[in-house]
Trainee: 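This is the structure, below, for whatever I ask next.
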Amino acid sequence: MADEEEVVLISYWASMFGARLKVALSEKQIPYKYIEEDLPYKTQFLLQMNPVFKKIPVLVHNGKPVNESLIALQYIDDVWKDKGASFMPSDPYLRSQARFWAYFIDLKIYHLAARVWRQKGNMEEQELDKKELIHSLKLLEQVLGDDPFFGGKTFGFLDIAFIGYSSWFSTYETYGKFSMESECPKLVSWVDRCMKRESVANSVHRSIDVLKYIRMIMRVYGPNKGIAKVIHTSKI
Ligand code: GS8
């Protein structure tokens with residue numbers, strides 16, 4: 001990276017999406033300026049850098065924004081392809097599969113898990129959401145198989161795409177009343193392996209920190225009381 005290049009990451013501490021970009025920049029050893037966004041009071045900078053969705057994370061490279069974390073993750077891999085191994089497998093089919101499961105994580109796991117910990121719906125609906133969440137996590141566990149990483153022997157794109165979610169595992173377990181260790185032991189071991197990497201240990205919050213924070217939010221505001229709006233207003 002030339003000296004005059006400037007990399008800025010706008011994010012929010014507990015965001016699984018932001019964690020992707022922290023891990024990716026750290027893996028590629030790219031220095032960057034970090035801006036923590038206070039989401040209910042979005043800064044002008046965020047609104048300028050992501051006028052369409054107004055969401056974090058945003059990667060700003062030499063003044064130009066890259067929105068959507070999976071797109072920004074691929075961008076980092078493309079721009080700094082000479083810095084370390086590519087996050088993506090070289091085989092086009094395996095690349096397509098890594099992208100597919102990354103979308104699955106955001107389309108399925110994120111939304112189901114949010115319904116579970118926010119305790120959305122009646123008891124019956126909550127039970128169905130929980131079952132589907134566990135089923136989705138088990139599907140991912142099958143994708144991992146007996147490999148150490150989703151990238152096979154090496155830590156790659158799908159590992160980076162999913163590892164930020166591990167900060168939320170205790171929250172999923174607590175509000176969903178299930179045990180990740182019993183349901184998905186291979187995923188739990190995978191998290192332990194990933195956490196041994198400096199890039200992950202320095203970027204992904206411990207699950208207990210997010211749980212403490214969510215407990216406090218639930219105590220103060222209760223379930224189903226516009227948590228989505230208040231969640232970002234209080235720090236641990
Ligand atoms: C999701 C970003 C997102 O939901 C991505 O970048 O991958 N698909 C996008 N960001 C949330 C915070 S993390 O839960 C956000 O910015 N929310 C603020 C808002 O919705 O106003």
Side-chain angles (χ1 to χ4, degrees), residues 14-24 68-70 73 87 89 94 96-197 200-201 203-215 218 223 227-228 231:
S15 170
M16 55 281 270
F17 308 113
R20 289 172 175 163
L21 307 189
K22 291 182 188 170
V23 172
E68 284 297 313
S69 62
L70 289 177
L73 175 54
F87 300 144
L94 293 180
S96 79
Q97 294 310 289
R99 290 190 180 110
F100 171 83
W101 287 108
Y103 282 107
F104 170 85
I105 289 165
D106 286 358
L107 294 177
K108 274 288 193 187
I109 310 261
Y110 178 78
H111 293 286
L112 283 167
R115 286 187 60 82
V116 166
W117 71 258
R118 287 175 182 160
Q119 301 178 307
K120 289 272 182 197
N122 59 33
M123 296 294 272
E124 208 177 307
E125 287 164 333
Q126 285 180 27
E127 202 49 38
L128 284 174
D129 286 335
K130 168 186 155 172
K131 280 208 176 107
E132 203 182 339
L133 173 62
I134 295 172
H135 174 70
S136 302
L137 289 165
K138 282 179 188 285
L139 277 181
L140 272 175
E141 198 172 55
Q142 281 171 26
V143 175
L144 178 66
D146 290 321
D147 284 332
F149 296 109
F150 284 97
K153 291 202 179 9
T154 53
F155 179 80
F157 180 80
L158 196 50
D159 297 286
I160 302 176
F162 191 38
I163 193 59
Y165 280 71
S166 68
S167 295
W168 288 77
F169 282 179
S170 296
T171 302
Y172 301 166
E173 289 179 302
T174 304
Y175 290 96
K177 298 188 182 60
F178 68 94
S179 152
M180 282 294 294
E181 183 66 59
S182 317
E183 300 288 353
C184 303
K186 286 184 186 171
L187 281 186
V188 173
S189 309
W190 164 78
V191 173
D192 292 344
R193 267 191 303 279
C194 292
M195 281 294 183
K196 293 203 172 78
R197 299 181 78 82
V200 176
S203 313
V204 175
H205 272 270
R206 289 180 321 142
S207 198
I208 189 70
D209 293 340
V210 174
L211 176 61
K212 272 192 211 156
Y213 170 67
I214 296 299
R215 274 199 170 123
M218 295 294 257
I227 288 172
I231 184 166

Trainee: What distance do Lys130 atom NZ and Arg115 atom CZ have between them, rounded to the nearest 0.5 Å?
Mentor: 15.0 Å
Trainee: Within the structure provided, determine whether Lys108 and Glu132 are in side-chain contact (heavy-atom separation under 4.5 Å).
Mentor: yes
Trainee: Locate the shortest heavy-atom distance separating Ala19 from Val204; write the atom from each residue and the value.
Mentor: CB-CG2, 4.3 Å
Trainee: Ring centres under 6.0 Å, that's the criterion: do Trp190 and Phe150 meet it?
Mentor: yes
Trainee: Are side-chain heavy atoms of Tyr175 and Ile214 found at a separation under 4.5 Å?
Mentor: yes
Trainee: Between the main-chain N or O of Asn122 and the side-chain N or O of Glu125, is there a donor-acceptor pair closer than 3.5 Å?
Mentor: yes
Trainee: Should the pair Asp159-Arg197 be classified as a salt bridge under the 4.0 Å nitrogen-to-oxygen rule?
Mentor: no
Trainee: Mind listing the closest non-hydrogen atom pair of Leu73 and Ala24 along with its distance?
Mentor: CD1-CB, 3.5 Å
Trainee: Ignoring hydrogens and angles, tell me if any N or O in the side chain of Arg193 forms a donor-acceptor pair with the backbone of Pro148 under 3.5 Å.
Mentor: yes
Trainee: Is Arg20 close to Leu70 at the side-chain level, that is, under 4.5 Å between some pair of heavy atoms?
Mentor: yes
Trainee: If you count every heavy atom of other residues, nucleotides or ligands that lies below 6.0 Å from His135 atom NE2, does the total exceed 12?
Mentor: no
Trainee: Shortest non-hydrogen contact from Val23 to Ile163?
Mentor: CG2-CG2, 4.3 Å
Trainee: Is there a side-chain contact between Leu158 and Ile105 (heavy atoms, below 4.5 Å)?
Mentor: yes
Trainee: Has the side chain of Ser166 got a donor or acceptor atom that lies under 3.5 Å from a matching backbone atom of Phe162?
Mentor: no
Trainee: Measuring from atom SG of Cys184 to atom CD1 of Ile134, what distance do you get when rounded to the nearest 0.5 angstrom?
Mentor: 7.5 Å
Trainee: Measure the shortest side-chain to side-chain distance between Leu211 and Phe169 over non-hydrogen atoms and say whether it is less than 4.5 angstrom.
Mentor: no
Trainee: Apply the test side-chain contact (heavy atoms from CB on, under 4.5 Å) to residues Leu140 and Trp101: give CA-CA distance (whole Å), side-chain angles for both, the deciding distance (0.1 Å), then the verdict.
Mentor: CA-CA 8 Å; Leu140 272 175; Trp101 287 108; 4.1 Å; yes
Trainee: Taking side chain as C-beta onward, heavy atoms only, is Gln142 less than 4.5 Å from Leu139?
Mentor: yes
Trainee: Testing the basics here: between Met195 and His205, what is the closest heavy-atom pair and its distance to 0.1 Å?
Mentor: CE-O, 4.5 Å
Trainee: Tell me, do Thr174 and Trp117 make a side-chain contact under 4.5 Å, heavy atoms counted?
Mentor: no
Trainee: Can any side-chain N or O of Ser136 pair as donor or acceptor with the backbone N or O of Ile109 at less than 3.5 Å?
Mentor: no
Trainee: If you look only at pairs with a residue in residues 167-187, which of them pass as a salt bridge (charged side-chain N to carboxylate O under 4.0 Å, His left out), with sequence neighbours excluded?
Mentor: Lys138-Glu183, Asp146-Lys186
Trainee: Heavy-atom distance under 4.5 Å between the side chains of Met180 and Tyr172, does that happen here?
Mentor: no
Trainee: First locate atom CE of Met16, then atom CG of Asp106, and finally report the distance between them rounded to the nearest 0.5 Å.
Mentor: 8.5 Å
Trainee: Quick check on the 6.0 Å ring-centre criterion: do Trp168 and Tyr165 meet it?
Mentor: no
Trainee: Applying side chain to side chain donor-acceptor pair (under 3.5 Å), name anything that partners Ser170, two or more places apart in sequence or on another chain.
Mentor: Ser207
Trainee: Please name the pair of heavy atoms, one in Val210 and one in Ala14, separated by the smallest distance, quoted to 0.1 Å.
Mentor: CG2-CB, 4.3 Å
